Amino acid sequence: MSASSNPYMNQFREEAETRFMPRQRNIVLAGETGVGKSSLINLIVNRSIAGVSDDFLGCTSAIQNYHAMIGKDSFEIWDTPGLDEGFGGTVAPSAARNKLRGFLRDMSKTGGIHLLLFCTRGWRITRALQNNYKTIRQSTPPDVPIAIVVTGLERNQCMNDWWIKNEGELARMNVNFDDHACITTIPEDDLPESFQGRFIESQEIVHELILKNCLSGRPTMNEEIRRVRKESNADKGRSMGRKQQNLPPPPPRPPTEGPYRIPRYFRRSARHIIVCDSVIPPAENTTRIAGSITGVWQSSTLAIQGRLYHFERVTFQQLAEKRARTKCSSDLLIFYMDIEQSTEVQRLMLCRFYGLYGRKKHPLIIVIRGLEDHSSASAWWDDHICTGKEDMENVRLACFPEGQNAEGEALEDLVVQACGKCGSLGAGERALNLLNGVRNKRAKLKNRIGKRKGQ
């Protein structure tokens, strides 16, 4: 059966479209009057679309939105009326604060706020900045990142010096930001010759800040893993209810298959490794492990560098049913990915796999097909799979040159290293040693009793 006609793969595609496909991302701009919010919008979109005022009276009296593209990513930027404008301004101070509070709360309930940019000028820190920050923080969900954008720094020798100088003062006032950008919003043509390049530099800084902190509108991998574990625990509860109601049990686990059949007694001392291949070759339903195990198999045991390793394969059906069909804890997880396949589907399958079979800081090897050097694999992983701030970090990436023998030898070495870090002995071997220790104590106790009786 080919991967395209696999019903479980189609199920993953449908779920990935609803859970992991990127949604609209909303960026809200807030700050005092005259700090350059409209100019910041023009800088982000790289054209003049927002009205700019030269005085300290705000030019934005109502909330307006602008569409922006940064690379291939789409964003909606929401410009809000300036705070602390004074009673002679376009919007009264109390009205501006109430309008901002209501907008932030309504946006949080509907489309969601993925990033809030707090704009200020590069002058000294004032009490107004602290009060405005409190207003924004109290009206924004705690998981929304807030970044400060400091404008008007084109004449500073180093624009980031403002943050270095004032970071401590902001912390003392309990004004904490998730990130910062020290920039200028004056267009390149209006800058003196000695400050040329500052506008382009500022644009790159702001774009990087947005891409780094703006939530993608989809759950992070850790959130998805927690959801899978919660659903799996609920399924276990329903399974216990099935036993109490004398309902028929689920289908039994397939028997052990594979080219290597080793007695069960010896498999107890082997390291247990669970493997999942997110993309099965379309020609046949096979998965190659360490370049040695091929064919249609469920589990197999190999001797690598003088130690036994028991591999167990997880199929699409097992992931789709959200049920971990293994009774012993694993020492290592291996997940295969391919750069030519849908990253959203593979991301969903990886979360399902780790949520069912992994635990906190569980060793995990990601084998990426289609790349032959670690730097390319790391860049592909960061750009397409692990894109959130709280995503998985304890992952070991691997990619191997083409060829079965080269991949097998390299992966065997990686498996030995990863299993060596999780303890000096495998789970089965530790249990056997503990049992042997109990037997030895019993034998010594019998010998002592025998000697006493003989006396």
Side-chain angles (χ1 to χ4, degrees), residues 27-60 64-71 73 75-85 89-90 115-126 128-130 132-133 136 145-170 175-214:
I27 302 174
V28 177
L29 270 61
E32 300 175 46
T33 300
V35 296
K37 296 194 301 297
S38 300
S39 299
L40 178 59
I41 294 174
N42 295 334
L43 178 141
I44 293 174
V45 301
N46 200 26
R47 65 180 187 275
S48 181
I49 60 174
V52 179
S53 175
D54 294 331
D55 52 30
F56 286 96
L57 296 180
C59 59
T60 303
Q64 304 177 22
N65 67 301
Y66 304 90
H67 184 73
M69 293 292 297
I70 302 178
D73 296 300
F75 302 89
E76 278 305 305
I77 303 177
W78 299 84
D79 191 12
T80 59
L83 302 174
D84 299 315
E85 187 173 355
T90 309
L115 175 64
L116 193 145
L117 297 180
F118 182 89
C119 302
T120 186
R121 295 283 294 181
W123 45 46
R124 66 182 182 86
I125 300 175
T126 62
L129 185 149
Q130 183 184 28
N132 294 334
Y133 171 83
I136 294 170
I146 299 180
I148 184 172
V149 179
V150 187
T151 63
L153 301 175
E154 60 277 351
R155 296 185 178 275
N156 290 28
Q157 184 175 2
C158 176
M159 293 189 290
N160 199 53
D161 284 346
W162 186 95
W163 176 256
I164 297 175
K165 179 180 178 181
N166 295 279
E167 181 181 8
E169 180 65 15
L170 290 173
V175 177
N176 302 307
F177 295 100
D178 296 281
D179 209 338
H180 71 280
C182 298
I183 62 167
T184 179
T185 56
I186 298 179
E188 199 74 33
D189 297 338
D190 298 335
L191 286 172
E193 184 177 355
S194 57
F195 302 123
Q196 289 294 310
R198 289 274 172 107
F199 181 84
I200 298 176
E201 178 186 355
S202 300
Q203 192 176 58
E204 293 176 351
I205 292 173
V206 175
H207 285 178
E208 182 180 356
L209 180 145
I210 292 174
L211 294 175
K212 177 183 176 183
N213 294 277
C214 187

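The shown structure was predicted, so the numbers you read here are calculated from the model rather than taken from an experiment.
Atom CD of Glu208 has 12 or fewer neighbouring heavy atoms from other residues, nucleotides or ligands inside a 6.0 Å radius.
Nearest heavy-atom pair, Gln130 versus Val175, reported as atom, atom and distance to 0.1 Å: CG-CG2, 4.0 Å.
Looking at Glu188, its side chain does come within 3.5 Å of a backbone N or O of Gly197 through a donor-acceptor pair. Asp178 contributes a side-chain N or O that, together with a main-chain N or O of Ile146, makes up a donor-acceptor pair within less than 3.5 Å. No donor-acceptor pair under 3.5 Å is formed between the side chain of Trp78 and the backbone N or O of Ala30. Between the side chain of Ser202 and the main chain of Thr184, a donor-acceptor pair closer than 3.5 Å is present.
Residue pairs meeting the ring pair (Phe, Tyr, Trp, His ring centres under 6.0 Å) criterion with at least one member in residues 187-213, sequence neighbours excluded, do not occur.
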Pair Val35-Leu40, side-chain contact (heavy atoms from CB on, under 4.5 Å): steps then yes or no:
CA-CA 9 Å; Val35 296; Leu40 178 59; over 6 Å; no
CA sep, side-chain torsions, deciding dist, call: Asn42, Thr185, side-chain contact (heavy atoms from CB on, under 4.5 Å):
CA-CA 8 Å; Asn42 295 334; Thr185 56; over 6 Å; no
Quick one: do Leu211 and Phe75 satisfy side-chain contact (heavy atoms from CB on, under 4.5 Å)? Show the steps, please.
CA-CA 10 Å; Leu211 294 175; Phe75 302 89; 3.9 Å; yes
Please evaluate residues Val150 and Ile183 with respect to the criterion side-chain contact (heavy atoms from CB on, under 4.5 Å), reporting the C-alpha separation (whole Å), side-chain torsions for both, the decisive distance (0.1 Å), and the verdict.
CA-CA 6 Å; Val150 187; Ile183 62 167; over 6 Å; no
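Residues His180 and Glu167 are not in side-chain contact: their nearest non-hydrogen atoms beyond the backbone lie 4.5 Å or more apart. Within the 4.5 Å cutoff, side-chain heavy atoms of Asp161 are placed close to those of Ile164. Side-chain contact check for Leu117 versus Ile77: every heavy-atom pair is 4.5 Å or farther apart.
Every residue two or more places apart in sequence or in another chain that forms a salt bridge (Lys or Arg N to Asp or Glu O under 4.0 Å) with Asp179 is listed here: Lys212. The side-chain hydrogen bond (donor to acceptor under 3.5 Å, both in side chains) search around Glu169 returns Arg172, not counting sequence neighbours.
The aromatic rings of Phe177 and Tyr133 stand perpendicular to each other, their planes meeting at an angle above 60°, with 30° marking the opposite boundary.
Only one option out of Glu154, Arg155, Arg198 pairs with Pro192 in a side chain to side chain contact (heavy atoms under 4.5 Å, CB included); it is Arg155.
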